[in-house]
Structure formats: C-alpha cells, structure tokens
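Convention: sequence-line order gives letters A, B, ...; per-chain numbering from 1.
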There are 4 protein chains.
Amino acid sequence: MEYSAKQLQIIEVAERLFSQKGFAGTSVRDIAQEADVNVSMISYYFGSKEKLIEALFEIRMSESRSRLETLVQSEDLNPIQKINMLIDNAIDRLMGNQCFHNIMLREQLSSERTPVISDHIRNLKLRNLELMQQLVREGQEAGVFRKNIDMSLMSTTLYGTINYAIATQEFYRKINDLENMEEEEFQKYLRKRLSQHLKSLFKSTVTNEHHIEN
Amino acid sequence: MEYSAKQLQIIEVAERLFSQKGFAGTSVRDIAQEADVNVSMISYYFGSKEKLIEALFEIRMSESRSRLETLVQSEDLNPIQKINMLIDNAIDRLMGNQCFHNIMLREQLSSERTPVISDHIRNLKLRNLELMQQLVREGQEAGVFRKNIDMSLMSTTLYGTINYAIATQEFYRKINDLENMEEEEFQKYLRKRLSQHLKSLFKSTVTNEHHIEN
Amino acid sequence: MEYSAKQLQIIEVAERLFSQKGFAGTSVRDIAQEADVNVSMISYYFGSKEKLIEALFEIRMSESRSRLETLVQSEDLNPIQKINMLIDNAIDRLMGNQCFHNIMLREQLSSERTPVISDHIRNLKLRNLELMQQLVREGQEAGVFRKNIDMSLMSTTLYGTINYAIATQEFYRKINDLENMEEEEFQKYLRKRLSQHLKSLFKSTVTNEHHIEN
Amino acid sequence: MEYSAKQLQIIEVAERLFSQKGFAGTSVRDIAQEADVNVSMISYYFGSKEKLIEALFEIRMSESRSRLETLVQSEDLNPIQKINMLIDNAIDRLMGNQCFHNIMLREQLSSERTPVISDHIRNLKLRNLELMQQLVREGQEAGVFRKNIDMSLMSTTLYGTINYAIATQEFYRKINDLENMEEEEFQKYLRKRLSQHLKSLFKSTVTNEHHIEN
DNA sequence: GATGAATGAGCATTCATTCAT
DNA sequence: CATGAATGAATGCTCATTCAT
C-alpha cells in the first residue's frame, strides 16, 4: 500500500494527536484542522477514522519489523553483544517513535481491539520474542548463559521498562533535577541511561547462576 | 469524602469501562446503563464525568497509599527481604486492581492531564520512590547493597514490568501454552512468576558488584 | 392567599432572578439556592415554577392596585395637580419595584402568555386608564384641559417612558456623567427628572390648544 | 459578513421565536424545526445559539444604522420638520421590525448581557442621541426651540412610547374598539396615531417656553 | 410538613460520515 | 478527484418535577 504525501501528512498528524489524546479523544476534525485538509478527506482517503489508525499501524509496523530484522544479519558478535544490540534496537525503536508506541501501548491496554491492529501487534511481539529466544539459545549453547531463563518475562521487562520510562519521562526529569536540560539532550541522556540499565539487568540475569530458585 | 452504595456502584462500573475503553471512549450513558442507574445520576452524584474519574482516583489512591504505608512497619527484616516485600506489595497492588492501574497508566500516557489526577499520581510515585530509596540506603549501610543504584530506573522497571505484564497477559498465556488454565489460577501463576522474576532481577542488580560501568 | 415567611423569601428571590435573567433563563435550582431552601420546596409550596410567578403577580399586583386606589381619595386638588399626582404615583410604583415591573414588561413582550398573568396585567392597565380618563374628563369639564386627548397614547407615553428609563438607566448615567453618583442618590435624581419631564409633557399636551391637527 | 439564503432563513425564524418566547425560552430545536433545517446546522453555520443572536444583531443593527443616517442628508427642512422626520424614522424602524426591537428591548431588560450585543445597542443609542441633540441645537440656534431640553429624556420618551405601544398594541386595539380592523390596516393606523402623538408631544415640549421650572 | 434522592425529557453541541457537485 | 454542505446519532449535562420517607 502506497500513500500520497497528503495521506502521509494526515497519518503523521493523527499519530501525534492519538498519542496525546487517545483515539476516542481525537476527532477527525482535530486531525483535519491540524493537517490543514478538509474534514471529509479523512473518510475519503482512508474510509473511516478506524481505517486511518489501521493505515498508521500498517506503516509503522512494517518499519519496526524491518528495523528488527537488521538484527539477524549481525553474525560476528558474541551472545552478550547480540543481547545488547537487541536492547539498543528496542530502545531506538520505542524512543524514536514515542508517539506511535504510545498509541500501541494504549491499544494493548484496551479491550476494544481491532483485529487488524491486534494482529500486527501480536505478530511483531512474536517475532521479537522469537529473536530473543534464538539469541538466548545461542548463548546457552556457547555456555555463557544460564538455563531456565523465562524470555517472555525478560521481554516484558525490556518493553515494559522502556514504555514506562517514556510515559513517565517528565517525572524522571523532575526527580533527577534535569528540568533545565534541553529536550534533545535529555532524550539522548535517557536513552543512554536506559541502555546501561537494561544491559546491566539482562547481563546479571542471563549469566548469574545464583538467581532465586523458589 | 464518603460515598453511598450507589455511588460506589457507579464508580466501580466506571472503573471497569474506563479501563476497557478509555475515558473518552466511555460515555456516561454506558456507565449509567451498566450500573443500572439513570443517566442524570452521574451528574447529580459527581457533578460531571470528569469529577467521577477524580472520585475514582480519590478512592483508589488512598487505598494504594495505605497499602504502601504498611511496608514501613515491617522492622525485623533484612534489606533483601524488605525489597522483596516491596516487590510483592507492588505486584499485589497492581495485579489486584488491574482496571484501576490500567486507567492510571493511560492517564500517564496522555498529554491532556487533569491536575487533580496528575497530583495524585505524582504524589504516590514520589512516595513509592522515597520508600524504595530508603530501603536501598539501609541495604547500602548494612553493606549488602552496591553503591550507585539508579532507583528511579529500578522503579521504572518494577512498575513498567508489572504494568506491561498485565497489559499483555493474554499474549503471555498464549505463548506459554496456558490458554486452558482457569482465569483465577492463571492470575495466581502470573503473580508468582512476576514475583520470582522481579526479585531475581532486583537481587542481581542491587547486590552484584560486577555491573556494567560504561 | 396568605404566604409564609419562607414562601415570601422564595418569591422575592424569584422576582430578582426573573428580572435579571428572565423566566426561562432562571432555573428553580437558581432560586432555591439563592433563597437557601431545598429545590423541591418550590414545587412543594407553589406547585410549579409557573405557579410561582403567578403567586408573584398575585402579590405585587394587589399592592400596585391598592396604591393606585389611594389616588381616588384625593379630592381637594385641581385637575393638573391630580394628573401630577398620578404621574408621581406611576413613577413611585415602577421605580420602587423595578424588578417586578421588569418582569411585567417582559411578560407583555412575550407571546407565550399565561392567562392568569395576562388577566392581572389587563385589569391593572384598564383601571389605570379608567382613572386617567376620569381625571382628564374632570379637567375638561373644568375647562382647563383641551378636548380630543388620546388618553391611551398618553398612558402609553407615561408607562413607556418610565419603563424605558428604568431599562436604560445605566446608559442615562453614562451619557449624563453621573457614573460616580451613589446608587441611591441616582435613583432619587432619576425619579425627580422623570417627574419633571413627564409633568411638563403632560401639562403641555393636555392644556395646549395649539397641538397638531393632521 | 455575508450570509447565505439558508443562514438568513434561520436568522429570520430565530428573530421571530426569540421575540415571541425570549432567547432562553427558545431552543435551537425550535428554530431548526421552524426553519426546516437540521438541528446541527445552527451550530454549523453560526457556531452556537449565542453567535446566532449576535449575527442577528449584526444584520439588523447595520440596517437600522443606515436608515438612521439617511436623516442626515435632508438639508432643506426647518428644525420642526427635521424633528418630525426623526420621529417618523424611529416609528418606521421600530414598527417595521417589531420582532427585532422586541428582542432588543428584552436584551436591555436583562442583566446577563453579551458584550457584542451590548456594544451594538450602546453604539446605536449614542448615534441616535447624537443626531437628536444636533437637530435640537440647530433649532435652538434658529431661535425656534427653547433652551434646557433634556434630550436624553426626550429620547427615552420617543423610544419608550413606541416600544411600549408595540408591546401593548393588542390592549390598544381592544380599548379603542379596533378588534375587527385588518391587521395591516391597524398597523398603519397605529403608526399614524403614534406619529401624531409624538410630534405633538415634541412640538409642545421643544417650543413651549412655559414648561415647568421646579 | 419537609427533604434529599431520583426521574426522564430536554438542552446545546459535537461526532463521524455522506452527499451533491 | 476533491470539496464544503449537510446529516442524524450521540455527546455530557441541566431541567422541572416527583417520589419515598
């Protein structure tokens, strides 16, 4: 599916507004006005407000997927380095598309799911998990990772932490006295801290044999 | 503030619906219908839809806060045990009020914030963090915890992981072949796994001296 | 019909609010709140909002009527003095009950008339006119007033002028640089000016033989 | 501001209904139904019920103003003739737009004023008064009008009388046994009587030196 | 007699969508 | 292709009144 410049413009505005005010909280008039197009264009171009958000997922999910697949190609790294790459890839994807991942998280919080979107999300999550499990298996075979790692919970921690860090970044700024830092610099800083934090978490967990066994 | 049985009934229905469909996605008519009261009662009792959600926060937040404060009283535990208690307390609070914490997470995802609610959330988060930092300090003074622990990120991981686990529990069920498990049993199972997982994560992180130093 | 202190209190508040915001623009809740009584008391005491305004007319109209009848008793005055008394009586009644006469004027502007109220108004107006015509007849018989006086238009001028002066008193203050005058003093001032103005108008008109004859 | 045929249709219906039932007493549904348009068109065209009445004032006030300004051009008349023209102009404006002037009078009776409308009214009244005062000054300079004429009260009598005559025309019909007269003929008759009456009043007042001096 | 809870109709307005051009 | 007018359902809320006590 190809989208015209005007369609992409609408999608981008919609992404921002859905992120800020939620899907139900955003009217097509809001979108049309900010995208500087006629209201009827949204139904005209996409069929409905529902189809618009589906188009958004279509685009962003394929981007996410291709960025995920670049990970597979890196062959000459050791298991820990690969895990670290996966972590940075996740941080980049989520931090670099905060609006979209905000929408995606909301979608997962909702019980009014659209099949098309749910499928997208499930597929990406499956692929994510698959990749993580493969990396871990490699590490285990190389003897550097411990057995009995619940990768689905590690994955939950990875995405849960990043998502929650994004959601509460303002609070993080305040309590760490970073309120005067430039927005761009803060974003870089937060990425770095998240990267260190998550790498440390993962390293301790996948390598440490002395974990709790209850 | 005291609420009558009928008011509480409305609040509970609202909590479930806001959780399922979001605040903007839930109409007062939806709530009135499911709570089996006249539509105008919502304005009559709470003043407005907005005030209704504020009443919900008023109630749940004070509950959360008092449950949080019970932690302070446990004196005869060692630092690790205290951290573990804090983790279980968080799991209990979030897993035991999934609807409400779903709403709370959405609220944090939104940029259209209500001051009253934002204040509640900020205050609870501050108290949470305060408590965690105090526990960690005790562990550090006892010589069992390492220095340089970024508690705000550890807290992010704690709440981020639980919130995300709740949001994606259906997915977790599916990939772990737990689809036939009874709902209640699954909830218990998930709590236990989360508990183990987070305790393991925290223990490795707060005690392990070999963390990444970049 | 006798009214209790609480009922009178409600009626007085209603009078003020109907005057300020109109009948339809005033809710029974507004009235109840300002009168410091329970909302249901208005229906309880008067039957309905409609009946409340009828009660108001009942009271004020009988007051107006008795004040009007005092005129009849003044026997030892000449025709001009009697006319002047009638003018001052009208000014006193309207200026002294601005709220009520505001409501009464609105009622006459409306085509959604309540029979009870319409009857009150018509009866008072008839009695007013009757009295004026009687005074004029006396003057004509005494030879001091000219023939062919359209008393219904003179009456229209009398009440129209006072009503309009009341409605536009703020404007009158402004254009006559009286904005710093105390409210009470201004009321007295306006009454006096109106009295002079109307007496002058009436005297010129009822006595001057050189009026237009087209 | 230009208005489409449909907008004008709505405005005309609104004018009639506001006149009959007051602003608060008229619902947008009433207007929509009588104007035979969809309810939402009123918000669509005017933004709100409030803006609708503002649009009405915009239109009628500019009409009134231009009709008022035609007076200025009549040069070759004597002072009395000019005053008479001003009276007839006022009668024509008010009698020819009874609905609108009913609304305008109500607006002046209300203490819940809309700034936009208040400004319109004040400006027109100022212009009215200005013109009257100028005419009177000309008459005084020509030596035919007496000094010390309170034009603001004369103006009050002019507009008060016409407004009140319109408000009570039904009563006037009845007491003058004109109930069988055709509506159109009655309107012409009333205009003529008002014209005679007011011209007579004004002439006596502005020229008669024997006015009351208390 | 007096009250606060409760009702259901009605309010102005906004919604996503469709229609005529 | 693209648009602005138009639609009718739905929104949150207020209304005058009534009910149960």
Side-chain angles (χ1 to χ4, degrees), chain A residues 4 6-7 10 14 23-33 36-53, chain B residues 4-7 10 14 23-33 35-53, chain C residues 4 6-7 10 14 23-33 36-53, chain D residues 4-7 10 14 23-33 35-53:
Chain A
S4 72
K6 216 153 208 173
Q7 281 173 304
I10 292 170
F23 179 74
T26 305
S27 75
V28 293
R29 267 177 176 72
D30 290 340
I31 301 167
Q33 189 175 304
D36 204 34
V37 298
N38 189 280
V39 211
S40 53
M41 294 314 293
I42 282 150
S43 297
Y44 181 69
Y45 276 140
F46 300 96
S48 71
K49 191 185 170 188
E50 197 63 50
K51 294 269 182 62
L52 167 59
I53 198 176
Chain B
S4 72
K6 215 148 207 175
Q7 280 174 303
I10 292 170
F23 179 75
T26 305
S27 75
V28 292
R29 275 172 177 80
D30 290 341
I31 299 167
Q33 189 173 306
D36 204 33
V37 298
N38 190 285
V39 210
S40 53
M41 292 315 290
I42 282 150
S43 296
Y44 177 70
Y45 277 140
F46 302 97
S48 69
K49 191 185 169 188
E50 195 64 49
K51 295 267 183 64
L52 167 58
I53 198 176
Chain C
S4 72
K6 216 153 208 173
Q7 281 174 303
I10 292 170
F23 179 75
T26 305
S27 75
V28 292
R29 267 176 176 73
D30 291 341
I31 300 167
Q33 189 176 304
D36 204 34
V37 298
N38 189 280
V39 209
S40 52
M41 294 314 294
I42 282 150
S43 296
Y44 180 68
Y45 276 140
F46 301 96
S48 70
K49 191 186 170 188
E50 196 63 50
K51 295 267 182 63
L52 167 58
I53 198 176
Chain D
S4 72
K6 216 149 207 174
Q7 280 174 302
I10 292 170
F23 180 75
T26 305
S27 75
V28 292
R29 274 172 179 76
D30 292 341
I31 299 167
Q33 189 173 305
D36 203 35
V37 298
N38 190 284
V39 211
S40 53
M41 291 315 290
I42 282 150
S43 296
Y44 177 70
Y45 277 140
F46 301 97
S48 69
K49 190 185 169 187
E50 194 64 48
K51 295 267 183 64
L52 168 58
I53 197 176

Task: Nearest non-hydrogen partners of B/Lys51 and B/Phe46, listed with the distance - done: CB-O, 2.9 Å

Task: Taking every non-hydrogen atom, the tightest pair across D/Val28 and D/Ile42 - done: O-CD1, 3.5 Å

- [ ] Please report, rounded to the nearest Å, how far the C1' atom of F/dG4 is from the NZ atom of D/Lys6.
- [x] 13 Å

I'd like a table of atom pairs between the protein and nucleotides 12-14 of chain F - only N or O on both sides, under 3.5 Å - with the distance next to each one.
from, atom 1, to, atom 2, distance (Å)
F/dG12, OP1, B/Thr26, O, 3.4
F/dG12, OP1, B/Val28, N, 3.4
F/dG12, OP1, B/Lys49, NZ, 3.0
F/dG12, OP2, B/Val28, N, 3.0
F/dG12, N7, B/Arg29, NH1, 2.8
F/dG12, O6, B/Arg29, NH2, 3.4
F/dC13, OP2, B/Lys49, N, 2.7

- [ ] Work out which heavy atom in D/Phe23 is nearest to a heavy atom in D/Lys49; give both atom names and the distance.
- [x] O-NZ, 3.0 Å

Open item on the list: Ignoring hydrogens, what is the shortest heavy-atom contact between D/Gly25 and D/Asp30? Give both atom names and the distance.
Closed with: O-OD2, 4.2 Å

TODO: Please work out if A/Tyr45 contacts a base, only the sugar-phosphate, or nothing of the nucleic acid, heavy-atom cut-off 4.0 Å.
DONE: sugar-phosphate

Task: Integer-rounded Å distance: E/dA2 C1' and C/Gln7 CD - done: 13 Å

TODO: Could you check how far CD of D/Gln33 sits from P of F/dG8, rounded to whole Å?
DONE: 14 Å

Task: Rounded distance (Å) that lies between atom C1' of E/dC15 and atom CG of A/Leu52 - done: 15 Å

Open item on the list: If the condition is side-chain contact (heavy atoms from CB on, under 4.5 Å), which residues does C/Ser43 pass it with, not counting sequence neighbours?
Closed with: none

- [ ] Return the nucleotide paired to F/dT17: Watson-Crick means purine N1 to pyrimidine N3 with N6-O4 or O6-N4, wobble means G-U with N1-O2 and O6-N3, both under 3.5 Å.
- [x] E/dA6

Task: Nucleotide E/dA12, atom P - distance to CZ of D/Phe46 in whole Å - done: 15 Å

TODO: To the nearest Å, give me how far apart CD1 (D/Ile10) and C1' (F/dA5) are.
DONE: 12 Å

Open item on the list: Testing the basics here: between A/Gln7 and A/Ser4, what is the closest heavy-atom pair and its distance to 0.1 Å?
Closed with: OE1-N, 2.9 Å

Task: Nearest-angstrom distance from the residue atom CE of B/Met41 to P of F/dT17 - done: 19 Å

